[in-house]
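First up is the structure itself, then whatever we jot down about it.
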2 protein chains.
Amino acid sequence: MSYVAPLKDMLFVINELAGLSEVNALPGCEDASPETVEAVLEENAKYCSEVVGELNVAGDKEPSFWKDGTVTTTKGFRDAYKAFAEAGWQGVQHPVEFGGQGLPKLVATPCIEMLNSANLSFALCPLLTDGAIEALLTAGSDEQKRIYLGNLVSGKWTGTMNLTEPQAGSDLALVRTRAVPQGNGTYKVFGTKIFITYGEHDMAENIVHLVLARTPDAPEGVKGISLFVVPKFLVNEDGSLGERNDVHCVSIEHKLGIKASPTAVLQFGDHGGAIGTLVGEENRGLEYMFIMMNAARFAVGMQGVGVAERAYQKAVQYARDRVQSRDLAGSSGPVAIIHHPDVRRMLMSMRAQTEAARALAYVTAAAYDAAHHHADDAARKANQAFYEYMVPIVKGWSTELSIDVTSTGVQVHGGMGFIEETGAAQYYRDARILPIYEGTTAIQANDLVGRKTARDGGATAKGILAQVRRTEEELSAYASGDLAVIRNQLAAASKSLEEVVDFVVAHSRSDIKGVFAGSVTYLKMAGIVLGGWQMARAALVAERKIKAGEGDARFYAAKIATARFFADYFLTQAPGLRTAIVEGSAGVLALAEDQF
Amino acid sequence: MSYVAPLKDMLFVINELAGLSEVNALPGCEDASPETVEAVLEENAKYCSEVVGELNVAGDKEPSFWKDGTVTTTKGFRDAYKAFAEAGWQGVQHPVEFGGQGLPKLVATPCIEMLNSANLSFALCPLLTDGAIEALLTAGSDEQKRIYLGNLVSGKWTGTMNLTEPQAGSDLALVRTRAVPQGNGTYKVFGTKIFITYGEHDMAENIVHLVLARTPDAPEGVKGISLFVVPKFLVNEDGSLGERNDVHCVSIEHKLGIKASPTAVLQFGDHGGAIGTLVGEENRGLEYMFIMMNAARFAVGMQGVGVAERAYQKAVQYARDRVQSRDLAGSSGPVAIIHHPDVRRMLMSMRAQTEAARALAYVTAAAYDAAHHHADDAARKANQAFYEYMVPIVKGWSTELSIDVTSTGVQVHGGMGFIEETGAAQYYRDARILPIYEGTTAIQANDLVGRKTARDGGATAKGILAQVRRTEEELSAYASGDLAVIRNQLAAASKSLEEVVDFVVAHSRSDIKGVFAGSVTYLKMAGIVLGGWQMARAALVAERKIKAGEGDARFYAAKIATARFFADYFLTQAPGLRTAIVEGSAGVLALAEDQF
């Protein structure tokens, strides 16, 4: 079935929770008026549904394939990508100076969600290009910017991130790829990179590889890693394409999912050396890569939201169509299964998790915009801290829940869900990579514990919890009904989260293993509590709208019901998770290696 | 990698938790001495590891295929099945009278677990044959028993269950297949059955289909369904094979997992009518099918345990081999990832869930044996009630957790987990069918709520909770340490479960939809609490053994640590689940169909 962008839900979050009007008021964001944003999203939705979304099944059935060093993408992908580039979608969030639209991240984010709902495999190519653009904007020389940025922002060329090597996955200290200076400002790069998404393909004229490598005198470990730009085709002074560079795709992987996205093994320098130029300064590669990774991690979080939304839509459709068993309250014959309480529960669970993850991500995007554009220095800093705290949560939590949501989507389909032809299984397979790439959930959780919580003594986390408490106070105005229930669950959950933050801060040095034993659970819990906070905010807005007689009352009533479901089914998990984190490390760490 | 049967763990559960000595003391179970049981399991383990386990990857890569009405199974399956039959493994739990070994279910259950760990696809064939044997033992005529049982118990022939039709999945009231009496004691069967596991294959001489169908004058709905036996080849008076019957496999499904197991569409009667005989009485088919389904549901629960164990073993192996990043507490270089706390957490989560599900299942198997063999009528009844209460939990909970466990298994492998060649992804795909077939988790939960909890006013559930409380009392002897923590978590969890039972009993009539909205959550919670109860019992045994200086102290210490982990990470979920069940139906049921 076709993907239908949930524009009404998206605009609700953009306007009411993420505060588009505040973003629109920021210096440099004047173009992002509510009218413009709505028009951009509608146009993007059309492209995603009608063009890319229709290629999703084809990409799974007839994946991209490798032959003699070249990769042919799924039929239709080239044209779809051409249309993507021509419409300017690659440039939505990038500077006008390099041909982009210069729109806020709050606008780019729903566009990224829609592209991923439509086709996770396809969307990965622009996602990686965004990362390359980000890295070059941050650390590239004027010359590099001149040569590459325009063509990347226009989508004429695409970008890649080359980090992983067979022995260096999560641990980049183990990177062995070498970069030897040639004395003319260029380097020759030698090594093998694996798991390179869109490392080779036929959709664009050139591929701009950003590559982590070591120079000859570099120190060991992560402090000796530099970043290089190594194009597939060398670029002449006038910008035209020159010789083929010495980087070659020797194979692509046979994967569980996202099969249309070619995952390349790239061989650099087997025929004399791949010519590259240094980005920024030597030995600061990891630092630059982190900037680009923050953007990429956030975007992978949106992949989680995107595939969850798509799986939800498919499950709802099936539940409406499939007739089976009578209504529990009595019916003259069998009814559509959407009437059965457990099917309701499954759909609500899919819906509530997707909405919570979306809301948290959009709010985080708005913080990014304020961090970059706010006139006030303190506001910029506060928003930057908020953004950085949220990135590992948006990445880790949204992707982990996408596995649950897509799995539930299969379950809604019953036996048909297990048949590949039905299509629900593809989402389940596709989603499985999301908590792994761009940093596994454990890597995100390490970031959350170390850099984002312990480093500032929990100040950012406590600041966010203070905001949660303000929402709880607003909810206190309601003595009964859904909002009162939501308030109680949120208050218990946020209290538990606060205790966890205190625990992390207090023990991250004295009992480092004990704290990290609970790191992923802390990430999950933070996602639930802060996602539940956004759902509570949504319920408050909805309640006020209904009371004021504004807008679509049934739409707002559904927001309240979904927030209520999230509170009862997810926020209630927080106290148990707290215990697992605070008391559970004994069990986690008790066994010796040979006792497993 | 090869499967290694966890015999030590299995024997611990069999002896210490399920009480083999009590089972061995039952009339008719005298052969099941500890020595015999150990010998049987060792022999079975050898066969499973060396023969069937080695075909697991092949079955995924080169699935069984259909051509011109015949199905060719994966290369090696025929020989492996021949060896299975010749060794007498099909007959482990079946009556000596028909050539079986007549061993208790407590002995057959670990055998079934091992076969499923080794190869889920392969194991399905004997699983369905067991179901057919069960149905014929229960309701077959002497003639049917004479013709079929010997050949089924010996594994010479295999059996199937034909329930599902395109319009009749969970809802068997919608079955349309017709059976027309021929006046000579036989019937002609006409109709289409789908999702028939091993409905056609090349591993045995004959296939015995048990088919639900309606006779011409049958009432509508489930009260008009009869059960027929329809063999692939008709059987002559002397037991030799006769003509090919009019049942034909018109296609098999292309599935997400268990690809070596052919899932057939069977066409009955397209060429004049498939000849069958009635099993038992007309219109009582569903009743007989339920007997066979209870056995099959329990066995599918064991499939969940089996695939979880296999995924765990693979993850442990990878975590020991893969070297990446330094130890958090400091190390001279990168270490095997099993040293990292979050990898520990993942492995412990896989291990603890698998052990809990295994323990609950084996204890349930022992209750089955007591229900069938105990000399005392009241003891038989009590054990039967225990068994029946547990079956939907063993089926529903073990299979749902197998998805979590196999998913975590992929995660432990990082990027390699997403590459099909690694093998971890197969378990993730294979497991996904388990909560669907033989009754979805919702169907199990309906059974648990309706027939198993509400019908007797919660008496059975409360009786089991009283047993849990006795374990809590035993744990109270320990004022501190792991056992004290386990006691506290178990007590809070069992209290929550008791409140849920009260809620279900009190409202199953007055608010049927509200109760069923929480049915799957109740099932999950019952699994956690009762699985946690078994883990607590294991910890008590282990503690006593250590204190007494008996046996392998490190093995017992691991039992305590795993129980502790289960308590902190799973039992702690119970209070939150209670709230979701008792208060959550408002959110589940709030939306109208068009609000989704």
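By convention in this document, chain letters (A, B, ...) are assigned in the order of the sequence lines, proteins followed by strands, and residues within each chain are numbered from 1. When reading the values below, keep in mind they use all heavy atoms of this one structure, side chains included, and skip hydrogens, waters and symmetry mates.
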Rounded distance [0.5 Å steps], [atom1] in [X] versus [atom2] in [Y]:
| X | Y | atom1 | atom2 | answer |
| --- | --- | --- | --- | --- |
| B:Phe418 | A:Ile433 | CZ | CD1 | 5.0 Å |
| B:Met346 | A:Thr440 | CE | OG1 | 7.0 Å |
| B:Ile443 | A:Asp342 | CD1 | CG | 9.5 Å |
| B:Leu256 | A:Thr422 | CG | OG1 | 10.5 Å |
| B:Glu253 | A:Met416 | CD | CE | 7.0 Å |
| A:Leu347 | B:Leu591 | CG | CG | 9.5 Å |

Between [options], which has the largest tally of heavy atom pairs under 4.5 Å with chain B?
| options | result |
| --- | --- |
| A:Thr263, A:Val485, A:Leu571, A:Thr521 | A:Thr521 |
| A:Gly257, A:Ala586, A:Ser519, A:Ala557 | A:Gly257 |
| A:Pro575, A:Ala574, A:Ala168 | A:Ala168 |
| A:Ala425, A:Ala590, A:Gly415 | A:Gly415 |
| A:Arg578, A:Gln573, A:Gln313, A:Arg351 | A:Arg351 |

For this session: Decide yes or no for A:His254 and B:Glu421: does some side-chain heavy atom of the first lie under 4.5 Å from some side-chain heavy atom of the second?
Result: no
Problem set entry | Check: A:Gln489 and B:Thr579 side chains under 4.5 Å, non-hydrogen atoms | yes
Please flag which part of [X] lies under 4.5 Å from any non-hydrogen atom of chain B: side chain, backbone, both or neither.
| X | answer |
| --- | --- |
| A:Leu589 | both |
| A:Gln426 | neither |
| A:Asp430 | backbone |
| A:Ile258 | both |
| A:Leu174 | side chain |
| A:Gln317 | neither |
| A:Thr441 | both |

Check [X] against [Y] and note the closest heavy-atom contact, atom names and distance.
| X | Y | answer |
| --- | --- | --- |
| A:Glu583 | B:Arg564 | O-NH2, 2.7 Å |
| A:Ala592 | B:Arg554 | CB-NH2, 3.4 Å |
| B:Pro166 | A:Arg322 | O-NH1, 3.0 Å |
| B:Gln324 | A:Ser170 | OE1-N, 3.2 Å |

Problem set entry | N-O pairing of B:Asp171 and A:Arg326 below 4.0 Å | no
Which atoms of [X] are under 4.5 Å from chain A, going by heavy atoms: the side chain, the backbone, both sets, or neither?
| X | value |
| --- | --- |
| B:Ala442 | both |
| B:Val410 | both |
| B:His339 | both |
| B:Pro435 | both |
| B:Ile338 | side chain |
| B:Asn446 | neither |
| B:Arg345 | both |

Given the options [options], which has more heavy-atom pairs under 4.5 Å with chain A than any of the others?
| options | value |
| --- | --- |
| B:Asp404, B:Leu577, B:Asp594, B:Thr562 | B:Asp594 |
| B:Ala558, B:Ala445, B:Ala561, B:Ser325 | B:Ser325 |
| B:Val316, B:Val582, B:Val520, B:Asp327 | B:Val520 |
| B:Val343, B:Thr164, B:Leu172, B:Ile512 | B:Ile512 |

Problem set entry | Output field: ring centroids B:Tyr428/A:Tyr428 closer than 6.0 Å | yes
Exercise. Does any N or O in the side chain of A:Gln595 come within less than 3.5 Å of the main-chain N or O of B:Phe555, such that one atom is a donor and the other an acceptor?
Worked result: no
Problem set entry | Working for side chain to side chain contact (heavy atoms under 4.5 Å, CB included), residues A:Phe596 and B:Tyr312 | CA-CA 9 Å; A:Phe596 281 93; B:Tyr312 169 70; 3.4 Å; yes
For this session: Please report the C-alpha distance between A:Lys255 and B:Glu420 in whole Å, then the side-chain angles of each, then the deciding distance to 0.1 Å, and finally whether the side chain to side chain contact (heavy atoms under 4.5 Å, CB included) criterion is met.
Result: CA-CA 5 Å; A:Lys255 308 190 299 292; B:Glu420 285 287 2; 5.9 Å; no
For this session: Could you give me the CA-CA distance, side-chain angles and deciding distance for B:Lys513 and A:His340, then say whether side chain to side chain contact (heavy atoms under 4.5 Å, CB included) is met?
Result: CA-CA 8 Å; B:Lys513 286 203 171 186; A:His340 301 318; over 6 Å; no
Exercise. So A:Arg429 and B:Arg432, side chain to side chain contact (heavy atoms under 4.5 Å, CB included) or not? Walk me through it.
Worked result: CA-CA 11 Å; A:Arg429 289 187 286 100; B:Arg432 195 62 200 76; over 6 Å; no
Problem set entry | Residues forming a ring pair (Phe, Tyr, Trp, His ring centres under 6.0 Å) with A:Tyr569, sequence neighbours excluded | A:Phe565
